[in-house]
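Letters A, B, ... mirror the listed sequences (proteins, then strands); counts begin at 1. Since the model is a prediction, treat every value here as computed from it, not as a measurement.
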Amino acid sequence: SLTDRLSEAFRKMRGQARLDEKNIQDGLREVRLALLEADVNFKVVKDFIDRVRDKAMGADVLKSLTPGQQLVKLVHDELVELLGGEQKGLDLRQKPVKIMLVGLQGSGKTTTVAKLANLLRSKYKLKPYLVPADVYRPAAIEQLHVLAKQLGVPAYPSTTDMNPADICADAIKKAAEAGCDAILFDTAGRLHLDEPLMEELSAIKARCAPQEILFVADAMTGQDAVTVAEAFNARLDITGVVLTKMDGDARGGAALSIKSVTGKSLKFVGMGEKLSDLEVFHPDRAASRILG
Amino acid sequence: LFGRSGGLDDAFWEELEEIFIMADMGSEATQKLIGNLKKRASSMAVTEAARFREVLSAELEAIFPLPKKPKVAAAPEVVMMVGVNGVGKTTTIAKLAYRARLQGRKVLIAAGDTFRAAAIGQLEIWAARVGAGIFSKAEGSDPAAVAFEAVDMAQREGFDLVLLDTAGRLHTQVNLMEELRKIKRVLEKKHPGAPHRIVLVIDATTGQNALSQTKLFHEAVGVDEIVLTKLDGTAKGGVMVSVAITHRLPISFVGLGEKMEDLRPFVGEDFAKALLG
Ligand SMILES: Nc1nc2c(ncn2[C@@H]2O[C@H](COP(=O)(O)OP(=O)(O)OP(=O)(O)O)[C@@H](O)[C@H]2O)c(=O)[nH]1
Ligand SMILES: Nc1nc2c(ncn2[C@@H]2O[C@H](COP(=O)(O)OP(=O)(O)OP(=O)(O)O)[C@@H](O)[C@H]2O)c(=O)[nH]1
Ligand SMILES: [Mg+2]
Ligand SMILES: [Mg+2]
C-alpha cells in the first residue's frame with residue numbers, strides 16, 4: 001500500500017522527525033507513482049502533486065505521526081476534498097424530473113438507467129418512465145424494455161426507425177399520460193469524436209431540457225478519461241457523473257481525472273449488475289481506493 | 001516529438017515518457033520500454049528523432065508475439081470469447097463471423113450469455129446480418145449446456161466454426177470465473193481440442209486494470225489471444241505493451257468501430273505509429 005511504500009521511503013531517512021523539502025520530494029515521487037498506477041491522468045497528477053507539495057511544505061508537524069504517515073494523511077485529505085467538494089445529489093425539485101444518461105460504448109448506461117429508476121422509486125417515491133433512445137445497437141430497445149418489465153415500470157415503445165430526439169420529446173408526453181413524474185433517457189453509446197452523434201445529444205437536450213445529464217464512465221478507464229469527459233462536458237454541460245463497475249479491482253483514478261477536468265459532481269457508483277447495485281459516491285472510499 | 005533538436009537527447013526521452021504514460025503504458029512498463037529503446041536505437045545506429053519510429057516498430061515487433069494458428073483435428077473449430085462487461089465480446093463475434101463468412105466458412109454462433117437482458121436477441125440480429133447460424137437456449141439456461149449443444153449441432157450439421165459468446169464478468173468474481181472453467185471442461189469433453197482458441201476481449205480505453213484482467217482470465221482458463229476493441233476512439237491501448245511484456249500473449253485483431261467490417265488484424269507498426277501520434 002502507499003502507506004507501506006512511504007514508510008519504507010521515509011525509513012531510509014532515519015531520525016527525520018518532520019517533513020522537509022528533501023524527504024517530501026522522495027515521498028511525492030511514491031505518491032505520483034501510486035496515482036499513475038491508479039489511472040489518474042498524467043496532467044491531473046502533476047497538478048495534484050504541486051498542490052500537495054505546497055500544503056506539505058507549510059504543514060505543522062503532528063507529533064503522533066511519522067513523516068510518511070503525515071504525508072499519506074495530507075494526500076488522502078486533499079484527494080477527499082477534490083473528489084467531494086460540495087456533494088450534490090440529484091436535482092429533484094421540478095416535476096417531471098428528466099434525467100439523460102450519456103457516455104462511451106459499453107460504459108453501463110442502459111443498466112444504470114434501470115438502477116436509477118429503482119432508486120428514484122424506492123428512495124424518493126417517484127414514478128419512473130424509461131425511454132430507450134438507442135436505435136442503433138442491436139436489441140438495445142429490447143434490453144431496456146426487459147429491465148423495465150423486471151422493475152414493473154412503463155417504458156416508451158421505441159422502434160429502430162424512429163429519431164432519438166423525437167422519441168425523447170414524445171416520451172415526455174407519454175410519461176405524463178402514464179402518470180409518471182420521473183423520466184429517464186437511455187442514449188446510445190458513442191465516441192466524443194463522432195460529430196453527428198454528439199450533435200444528436202445536443203438535440204435531445206434542446207428538445208427535452210433534462211435537469212440532469214449524467215456522464216456514465218467505466219471505473220477501469222485510463223488516461224483517456226480526461227479527453228472524453230471534457231468533450232461530453234463541453235458539448236452538454238453535464239450535471240454529474242456515474243462511475244460503473246466499481247465492484248471490480250480497478251483503482252478508479254478516472255474519478256479524480258473526470259472531477260478535476262469537468263468540475264462536475266461524482267454522484268453515483270455502480271457496484272454490480274443487479275438493479276439494486278447503485279450506491280451514492282463516497283469521496284473518502286474513492287480516495288482510499290485510488291491510493292491503494 | 002520530432003520537432004526540436006532532432007536528436008535523441010534528454011528532452012526527447014522525457015517527452016517520450018510523457019507520451020507513453022498518457023497512452024496508458026503505465027510507469028513501470030514505460031521505464032522498461034524506454035530502457036530497451038535506448039539500447040535498440042544505439043544498436044540500430046539511430047541518432048535522429050526522425051528515424052525513431054523505426055526503432056519503436058522494431059521493439060514492438062519483438063514485444064508482441066504473433067498469433068498462432070490452432071491445430072483443428074476435426075471440425076468445428078471452436079472459439080470462446082471471454083472478458084469483462086461491456087468490452088465488445090458480442091460485437092467482436094459478429095465481426096469474426098463476418099470475416100469467416102467472407103472466407104466461405106459455415107459459421108455457427110452460440111449464444112452463451114444466458115444472463116444479461118436481451119443478450120440472446122442482440123446475437124440473433126447479428127447472426128442474421130452476417131449470414132451465420134445461431135444456437136441458443138432459454139434465458140437463464142446453463143451456459144455450459146449451450147456450449148455443449150451448440151458444438152453438437154455444429155458437428156451434426158457440418159459447421160466449420162463455432163463462435164461461443166459468454167456473459168461479461170469481472171475477473172474478480174470467483175464463482176463466475178469457475179463458470180468459465182466449467183464451460184471449457186464441457187467443451188473439451190464434447191470435442192477433443194475444443195476450445196481451440198480462447199479469446200480475451202479488452203477495451204482500448206482501459207487503464208492499468210487490463211493487467212489484472214489478463215492475469216486472472218489467463219489463470220482461470222488460459223488465454224490464447226487478445227482482441228483490443230474501440231481503438232477508433234482516442235485511447236491508445238498502451239497498457240497492452242505491459243500486458244505483452246508480462247504475459248507474452250498475441251493480439252490477433254483490433255476493433256475499429258461498431259459495424260461488422262470494423263475488425264482488422266493487429267499490426268505492431270500501426271500500433272507504434274498511433275502511439276507516437
Ligand atoms: N459488474 C458490473 N457490471 C456492470 C455495471 N454496470 C453495468 N454493468 C454491465 O456492463 C455491461 C454493459 O452495460 P450496458 O448497460 O449494456 O452498457 P451501455 O453503456 O448501455 O452500452 P452501450 O449502449 O452499448 O453503449 C453489461 O454486461 C452490464 O451488466 C456495474 O456497476 N458492475
Ligand atoms: N466504437 C467502437 N465501439 C465498439 C467496438 N466494439 C464494440 N463496440 C460497442 O461497444 C458496446 C458494447 O459491445 P458488446 O459487444 O455488447 O460488449 P460485450 O462485451 O458483449 O458486453 P456484455 O455482454 O454486456 O459484457 C456496443 O455499443 C458496441 O457497439 C469498437 O471496436 N469500437
Ligand atoms: Mg446501452
Ligand atoms: Mg455481450
### Message
Going by ring-ring contact (aromatic ring centres under 6.0 Å, His included), name the residues that satisfy it together with A:Tyr129, two or more places apart in sequence or in a different chain.
### Response
none

### Message
Checking an interface table here. Which of residues 209-220 of chain B come within a heavy-atom distance under 4.5 Å of chain A?
### Response
B:Asn209, B:Ser212, B:Gln213

Quick one: pull up [atom1] in [X] and [atom2] in [Y] and give me the separation to the nearest 0.5 Å.
X: B:Thr90; Y: A:Arg137; atom1: OG1; atom2: CZ; value: 7.5 Å
X: B:Gln31; Y: A:Leu33; atom1: CD; atom2: CG; value: 8.5 Å
X: B:Leu170; Y: A:Met220; atom1: CG; atom2: CE; value: 8.5 Å
X: B:Glu17; Y: A:Phe42; atom1: CD; atom2: CZ; value: 6.5 Å
X: B:Glu18; Y: A:Lys46; atom1: CD; atom2: NZ; value: 4.5 Å

Heavy-atom pairs under 4.5 Å with chain A are the metric here; pick the option from [options] that has the most.
options: B:Val239, B:Asn85, B:Val87; answer: B:Asn85
options: B:Lys236, B:Gln173, B:Arg116; answer: B:Arg116
options: B:Thr172, B:Val84, B:Thr91; answer: B:Thr172
options: B:Leu123, B:Asp203, B:Ile120, B:Thr206; answer: B:Thr206

For [X], is it the side chain, the backbone, both or neither that has a heavy atom under 4.5 Å from a heavy atom of chain B?
X: A:Thr227; answer: side chain
X: A:His192; answer: side chain
X: A:Leu104; answer: side chain

So does [X] have more than 12 non-hydrogen atoms from other groups sitting under 6.0 Å from [atom1]?
X: A:Arg29; atom1: CZ; value: no
X: B:Asn175; atom1: CG; value: yes
X: B:Arg264; atom1: CZ; value: no

### Query
Which of residues 245-257 of chain A get closer than 4.5 angstrom to chain B, counting heavy atoms alone?
A:Lys245, A:Asp247, A:Gly248, A:Asp249, A:Ala250

### Query
So which of A:Ala140, A:Gly106, A:Ala219 has the biggest tally of heavy-atom pairs under 4.5 Å with chain B?
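Of the options given, most contacts go to A:Gly106.
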
### Message
I need the residue from A:His145, A:Arg32, A:Glu142 with the largest number of non-hydrogen atom pairs under 4.5 Å to chain B.
### Response
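So the answer, after comparing A:His145, A:Arg32, A:Glu142, is A:Glu142.
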
### Task
Look only at the side chain of A:Asp39 and the backbone of B:Gln208, and say whether a donor-acceptor pair between them is shorter than 3.5 Å.
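Yes, A:Asp39 side chain to B:Gln208 backbone: donor-acceptor pair under 3.5 Å.
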
### Query
Got a sec, which residues hit salt bridge (Lys or Arg N to Asp or Glu O under 4.0 Å) with B:Lys32, two or more places apart in sequence or on another chain?
none

### Query
Between A:Glu37 and B:Glu28, is any pair of side-chain heavy atoms under 4.5 Å apart?
no

### Task
Please report the closest heavy-atom contact between A:Pro138 and B:Gln122, naming both atoms and the distance.
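Of all heavy-atom pairs spanning A:Pro138 and B:Gln122, the closest is O-CG, 3.5 Å.
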
### Minimal non-hydrogen separation, B:Gly121 against A:Ala139, with atom names
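Minimum heavy-atom separation between B:Gly121 and A:Ala139: C-CB, 3.8 Å.
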
### Query
Under the criterion side chain to side chain contact (heavy atoms under 4.5 Å, CB included), which of A:Asp224, A:Val226, A:Leu191 is the partner of B:Thr234?
A:Asp224

